Amino acid sequence: MNLVMTILLITLTLSVILATVSFWLPQMTPDQEKLSPYECGFDPLGSARLPFSIRFFLVAILFLLFDLEIALLLPLPWGDQLTSPLITFLWASAVLALLTLGLAYEWLQGGLEWAE
C-alpha cells in the first residue's frame, strides 16, 4: 500500500507542476496577426461556408475505406500461427473480395471520375 501511495503522490505532484508550468510559461501577447483566421498567410478571400464538391467527399470516403482495409489486414501475418490459419485466410479473402467488388462498382458507376 505504501508503494501505491508513493506512486500516486509522485504522479499528482508531477501533474500539478507540469500544469502550472504550461499555464504560466507561455507569453500571451495577442496581436492582429494572431487573432486573424489562418489561411496560409493570406487574407480570407470569401466565406468559409461555401459548399464543396461531392466528388471530393466521395474520394475521401473511398480513401478512408481502403485505409481501414489496410488496418484490418495488418494483423494477417500473425494469423498463420492460429490453430486454423485457413479460416483466417478465408476471412481476409472475403474482406478483399468485398472491397474489390465495391471498387469495381464505384468505377463502373463513374464515382471515381473527377470531371465529366
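All values derive from a computational prediction rather than experimental measurement.
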Residues 91-108, side-chain donor-acceptor partners within the protein, below 3.5 Å, at least two apart:
| residue | atom | partner | partner atom | Å |
| --- | --- | --- | --- | --- |
| S93 | OG | F89 | O | 2.8 |
| T100 | OG1 | L96 | O | 2.7 |

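Taking a 6.0 Å sphere around CD1 of I87, one finds it holds 12 or fewer heavy atoms contributed by other residues, nucleotides or ligands.
Between V16 and T20, the closest heavy-atom pair is O-OG1, 2.7 Å.
With values rounded to the nearest 0.5 angstrom, I10 atom CD1 is found 11.5 Å from M5 atom CE. Rounding to the nearest 0.5 Å places OG1 of T13 at 10.5 Å from CG of L8.
The side chain to side chain contact (heavy atoms under 4.5 Å, CB included) test applied to L18 returns L14, not counting sequence neighbours.
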